[in-house]
Each structure stands twice: as C-alpha cells, then as structure tokens.
Number of protein chains: 4
Amino acid sequence: MKKNKPKYRQIIEAAVVVIAENGYHQAQVSKIAKQACVADGTIYLYFKNKEDILISLFQEKMGTFVEIIEGKIAGKETAAEKLLMLVETHLKLLSEDLHLAIVTQLELRQSNKELRLKVNEVLKGYLNLIDKIIIEGIEKKEFGSSLDVRLARQMIFGTIDETVTSWVMNEQKYDLPALAGPVHQLLINGCGYQKA
Amino acid sequence: MKKNKPKYRQIIEAAVVVIAENGYHQAQVSKIAKQACVADGTIYLYFKNKEDILISLFQEKMGTFVEIIEGKIAGKETAAEKLLMLVETHLKLLSEDLHLAIVTQLELRQSNKELRLKVNEVLKGYLNLIDKIIIEGIEKKEFGSSLDVRLARQMIFGTIDETVTSWVMNEQKYDLPALAGPVHQLLINGCGYQKA
Amino acid sequence: MKKNKPKYRQIIEAAVVVIAENGYHQAQVSKIAKQACVADGTIYLYFKNKEDILISLFQEKMGTFVEIIEGKIAGKETAAEKLLMLVETHLKLLSEDLHLAIVTQLELRQSNKELRLKVNEVLKGYLNLIDKIIIEGIEKKEFGSSLDVRLARQMIFGTIDETVTSWVMNEQKYDLPALAGPVHQLLINGCGYQKA
Amino acid sequence: MKKNKPKYRQIIEAAVVVIAENGYHQAQVSKIAKQACVADGTIYLYFKNKEDILISLFQEKMGTFVEIIEGKIAGKETAAEKLLMLVETHLKLLSEDLHLAIVTQLELRQSNKELRLKVNEVLKGYLNLIDKIIIEGIEKKEFGSSLDVRLARQMIFGTIDETVTSWVMNEQKYDLPALAGPVHQLLINGCGYQKA
DNA sequence: TATGAATGAGTTTTCATTCAT
DNA sequence: GATGAATGAAAACTCATTCAT
C-alpha cells in the first residue's frame, strides 16, 4: 500500500505547507516536489494527478480529524456534552495547525466544482458524526422533538465553519478555542436544549 | 457613468450566466463577450480586467440584495420578525435565481484570495444588517443579554449560507424557501429567544 | 491640399511630442489624438494609417532640415566651409529640438523594416546634399582626387549621426553644437583635405 | 551552466535565422522554437523571456566578435595596422554571416529603449577596443596629438556601422570586405595620420 | 524506484482602424 | 468635416504531465 510509504506522507505534508504559504493557485506541483525533497516525477508514482494530492490530503487530514473527535466523544454521556467536545476539539485542532486551517478554510475552496464534490464526499464522515449526536439528543429528549436533523446539522457545521473561517481571515487575532463555550451555547439553544 | 450604460449590465448578466453554466475556471472573457453579444474588446471599455467583472458583478448583485432586504425589514417591529424576513428573503431571492445562487455559493469561492477579500468587503454591508438586528434583539430583551454579537452573526450567516450551499449542491431537490421557518426557529433559539 | 490645414500640422507636432515622451511602442494613435486635441477618427481624415503619420512626420521635418541647410550653405565658397556649415546646422537644429532629436535618433529606428526603407527614401535628399559637397570638394582639389564619394558620404553621415545619437543617449550632458568644429576637422581630414 | 548546453546555442542560432528572415516584430517565440526544433516551453528553460533571447544572442555574438578581433589585432605593431585589421575583420565577419548582419544592423535596432540600453552595454566592449587603438595611435604619434578620443571613436564606429548598414539595405550588391582599405584610409586621415 | 528535461495546450488584453451619427 | 464607441486579431508565457535514463 502506497499510503504507508514515507514519501506518501512527505508529499502530503509538503502540499499543506506549500498551499498554505503560497495559496492554491501558486501551489505548483514542482513547488510541492521541492518542499517534499523529491523529484517532480516522483509525485506521480504516489498520486494519479495534482487533484489526487488534494483529495488525499483532505482524506488523510479529515480522517484523523473524525477519529480524534470520535475518540474524545466516546466517553461523554449526553448529546450536549458530546457536542461541546466536538466544538472544542474542532476549534482546538485547527487553531493548533494554522497551515491546515488556511488550507481547509480558504485555499481548498478555490478548487473546481468537481474537486469540491469529492471533498464533500470526505466531509460526509464528519457530518454523519454530527447527525448521530443530534439524533441522540432528540432521542434523549435533550433537544426539541421536532428538530429537523439536516437543518440542525447545517446550523452546527455552518456556524463552526464560519467561526473558523472568520478567525483565519482576521489573522487569528483572538483565542479561537475560547469560543467553544459560547458557540456551543448558541448551538444547543438552537437545538431547543432542555437540561435533562 | 459607465454603470448606467446598457452594455455594462448586459456584460454583468452574461457573466452570471456563463460562470454558472461553465464554472469559474471555464468562464473565459471571450465566452462572456459572446454571451453578451459584444466584441471581446468591448468588455475592456467597461471593466478594467476580468477580475473587475467579477467584483462588479458581486457588488451589483449584493447591493440589490441588501437593499431589498432592508426594504422588507423596515416594516417589521421585532428583531425576530426582522430575522424571519431576512431569512425568507435570502432564501427566496437565491432560489429564484439559480444562476446567481450557483455563482455566489460555488463559483465565486474559487477565486483567488485577493478577489475574495474584495468580495468580503462587499459582504460587510450584509453582515452589518444582521448585526443591527441582533443588537436590536438584545436591547428589546428578545435575545439573551449575554449574546455575543459576532458569534451570533457567524451562526446566522453560517447557517443560512450552509443551507443554501447544500441546496445548490444537492441539485435543488427540495423547496428552499420552505426552510425559512425552521431555520429561523433554530437561529432565534440559538440567540436565546424569549417571546416579548 | 490636406497638408496645409491646421490639423495636419497639429497631429504631426503631437506625434513628435508623444513619441519622444512615451517611446515609439507606447505612442498609441489615441494618445497622439488626445495630445493633438482631436478625436481618434479625425487622424484618419488626414493620414492613411499610423505609419503614414510617421513617414509624414519625417518628411516634413527632414524637408525643413534640408531646406534650411541648403539656404545656409548657399553663401559659402569652399566645400570645406559648406561642410562645416552643414555639421554646425545639423548639430544645432537637433540640439535645439530635443523632442525631434529623440524621435529621429532613437524612436523612429524602432519602426519596422518597411517604414525604415521609406525613411531612407526621405533621407536621400539629405545624402544628395552631402554628395554634392564632396564632389565639389574633389573638383576644386580641396579633397583627395581618389576619394570614393559613397564611402565619404557614409563617413560624414555616419559620424554626425553617431555623434548626435551618443549625445541623446548620454542625456545631453555636454554641448553638442560645440562639437561641430572638431567633428568637421575629422571629416575633412578623412576626405584628404588640402587647403586651397 | 545552461549556456554550455546544446539547446542554448540551438535556440540562439534559431533566433538569428528567424529574426533575419521574418523581421524583429514577426519573430514570435513559437517560430523560434519551431526553427530550433524544440517546444515553445523549452525556450523558457533556457531564457527568462523573449527579450532575454535577444540580449543573450547579442552578448554571445558580440563577445565572439570582440574576441576574434582582439586576437587578430594582437600581432600588429602600429595603431594604423590595428585599425585596418579591425575594419577588415568587422566587414569580413558580417559579410560572411548575412543573417547576423541583418539582425545587428536592422532588426535589433527596432527593439525598445530598455533592450537597446542593454545592447549598448554589450557594445561597450567593442568601443573600448577602438578607444585603445586611438590612444595608442596618439601616444605613438601616428595620430594627431589634439585628437578627441570620443569623437574619433564615434567617427570610426559610425562610419563602419553606416557602411555595413548601407550594404545590408542595398541588398549586398557590392563586395563589402573590399571597402576595408578605402574606409581605413578615410579613418586614419580623419585621425590626422602621419606615417611613422 | 527515482529522476528532471522536455512538452505544448490554452487565455487575457491591447490597440489600429472603422463607421454610424 | 468630426466624433468616439465598437471591433477582433494576435502572441507571450505557465505548468501539469510524461518518459528515457
């Protein structure tokens, strides 16, 4: 499996750095190769084409993302606590890796429609995680019984995403993880939260 | 003033159509010119360069957008009613103009960072409108007194934006304006809404 | 005759200024029109095309040039005196009209081969004048009897031309007309001058 | 070093041919590439841009030019003999390479001011060579003691240059190297030559 | 496996010229 | 005669991808 070879990860990490520092449209394959200390041609031994680097990058990073959050959530009892942990971890992970934050919030969105559809495919794992929390919240009567799962998920993801994007675009002037509490409050309010 | 000449609007409208139908990266100036029924060179009598078409497009459309919503809101008494009108109008206007929705939700986000910063400049007018409603809600005790205006705004804009983007990406399978009520409910809940 | 109408000269003078100040490749027809205070289209009532402006410009200026020098020479007795007057006048006229000097020495040489051939056609009047002086000098035994007229003419024109070009390119740091004496000395030496 | 790779010279030689045969303004990069039997993009592996081809071309050719003449001159004793060798070699080298003669005498002068300044930089090596001969001639009492070096150099270069240009423009109807003797005679006369 | 030299398709913008008013 | 809005052809350069070594 190519994904376990060191150069595979080397190239992915190089891509994150190059895209974050140069922008999506200035992230030429040759720059990524140089940053990864491999020849241009070597890239094509590990990836089908340039787009494949980006999709793989997103898959790898988002896969780790979902795993970490799933792990953190596992120990929590209520949906509200799980949601808090999700918001906290989401904000923490991205605020700790500015390169990744820039890439996911700004640069990767400049890709074409086709790539974005594939990125969305990857995102589904994360959205499913959110859905599960919402459904659990409804079942446990924490959230309103008439809550529309899709809309609630769009609110949750849309709010967190917009919060991170604003933070990135405003040059990280403020403490992002500190917003976890207030954002969480907005979200459970939105979900019609009732203390159990 | 060039902006009042018929060709100016003609080119803007052509750009919306061409970008929506071909995607941002396949929207060559020559395609826009052909769609607008003018010569390639004519574009440059009205716009400084290609980017200028896109910025002008966004300014024109978003300007209209904000004006219409401001007009609709004017007659409403409470912040909650104003927010409902904003959500309704936002969803309605974009669902009625699919080309525009595709351009604003998908294609324009593929532009480079510089263009996106200018787009954000234009967006500020809309975000200010949201801020005013939130502040009014807090002052009138409709919303929680501890509500963070910036976060609330990010929730409101993030949720609506994500809702429209999902609708566009899911090929408009469902009735977007019909979501105004439920979305509104989520948002005022999030804001800690108390009936006056 | 169009050449006597005021706008004809107005456009020629404007062309000299615009070319001298902006360079040959930045001397667009629209700039010349603006400098001449006429509409772009008006240019084409007086000139066939852009090249025609440049040829006419050179013809007008060079025509005047030759006439003036012919006038000045008429009173002189010897070939050596005539040559001195030619050098003096050539250097004086161009040093007094820097715009014209820049255009003839630098900018007009950037035109294409076809235009340069036509410019040479115009130059012939001036070269004939030089030839007449050389022939007179040979006949009057001032110059060597074996002097090759064509080569002598190339030396005389080449030397003066190179002298003016150097002066223009060196930002006119020195007194050009003051070089007339020494340059004349070089030239008559070259021609095998013998005091009569 | 790129300059030693075969494609570097291949492209330079192709550029000389294409410019000579099509003229400066019709010498598109794609034409040069085709003539050099390389892809358009390959040009940009060896040259920064189109202008860089022209400057390199001139540097390479003029460098060789100066070297050859320096070599030929080395064995000569008097300034007059050195000057004769310089004129002979100058006329011979250009008459033997018509493509190069067309490029240096006609086409390269159509370039913009910036390029011409760089060309002049390269020319300085040649002009210095001329200066050295003049100074030697003055010191050895071959030339007049009051001879102005700059003017003498302008006469020498201007005369040779004009001679070659006339030959090129007159479609090489006559034997250019045969003019070396007479031209040399004009020039040493001009310098106030006295047999030692 | 790894390399990196070579490829060549693809697009914005300028500006001389025209012609309806 | 005079205008100036409209035209549309034309070219340098980039960069993802390949393939001989």
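Convention: sequence-line order gives letters A, B, ...; per-chain numbering from 1. Because the structure is a prediction, the values reported are computed rather than measured.
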Need to verify one output field. Residue with the more 5' nearest nucleotide on DNA chain E, C:Gly41 or B:Ala27? B:Ala27

Distance check, rounded to the nearest 0.5 Å: D:Leu94 atom CG versus D:Gln105 atom CD? 6.0 Å

Quick one: label B:Phe47 by what it contacts on the DNA or RNA (base, sugar-phosphate, nothing), any heavy atom closer than 4.0 Å. nothing

Should the pair B:Glu13-B:Lys61 be classified as a salt bridge under the 4.0 Å nitrogen-to-oxygen rule? yes

pair C:Glu21-C:His99: side-chain heavy atoms closer than 4.5 Å: yes

Tell me the interatomic distance from D:Lys34, atom NZ, to E:dT7, atom P, rounded to whole angstroms. 14 Å

Take atom CD of A:Glu51 and atom C1' of F:dC15, then tell me their distance rounded to the nearest Å. 16 Å

Let me check something: any side-chain donor-acceptor pairs from residues 38-49 of chain B under 3.5 Å, sequence neighbours excluded? List them with distances.
unit_1	atom_1	unit_2	atom_2	d
B:Thr42	OG1	B:Ala39	O	3.4
B:Asn49	OD1	B:Glu51	N	3.3
B:Asn49	OD1	B:Asp52	N	3.0

5' precedence on DNA chain F between B:Leu45 and A:His25 (nearest-nucleotide basis): B:Leu45

Of the non-hydrogen atoms in A:Tyr126 and A:Met62, which two are nearest, and what is the gap between them? CB-SD, 4.2 Å

Using whole Å, report how far OH of B:Tyr46 lies from P of F:dT7. 9 Å

Taking for each residue the nucleotide of DNA chain E bearing the nearest heavy atom, is the 5' side occupied by C:Lys50 or by D:Ile43? D:Ile43

Compare side-chain N and O positions of D:Lys7 against OP1 and OP2 of E:dA6 and report whether any pair is under 4.0 Å apart. yes

Any A:Ser30 side-chain nitrogen or oxygen under 4.0 Å from OP1 or OP2 of F:dC15: no

Name the closest nucleotide to the D:Asn49 side chain, picking from F:dG4, E:dT1, F:dC13. F:dC13

Main chain of D:Ala27, side chain of D:Lys50: is a donor-acceptor contact present, judged purely on distance under 3.5 Å? yes

Determine whether a donor-acceptor pair (N or O, by modelled atom type, separation under 3.5 Å) exists between the side chain of B:Asn120 and the backbone of B:Leu123. no

Pairing pattern in dot-bracket form [Watson-Crick, G-U; both distances under 3.5 Å; | = partner strand] for DNA chain E: .||||||||||||||||||||

Rounded distance in Å - CD (D:Gln28) to C1' (F:dA9): 13 Å

Rounding to a whole Å, what distance do you find between A:Tyr44:OH and F:dA16:P? 6 Å

May I ask you to say what D:Val29 touches in the nucleic acid, namely base, sugar-phosphate or nothing, with a heavy-atom cut-off under 4.0 Å? sugar-phosphate

Rounded to the Å, how far apart are A:Asp40 CG and F:dT17 P? 12 Å

Separation of atom CG in D:Asn22 from atom C1' in F:dA11, rounded to whole Å: 14 Å

Over how many whole Å does the gap from D:Lys5 atom NZ to E:dG4 atom P extend? 11 Å

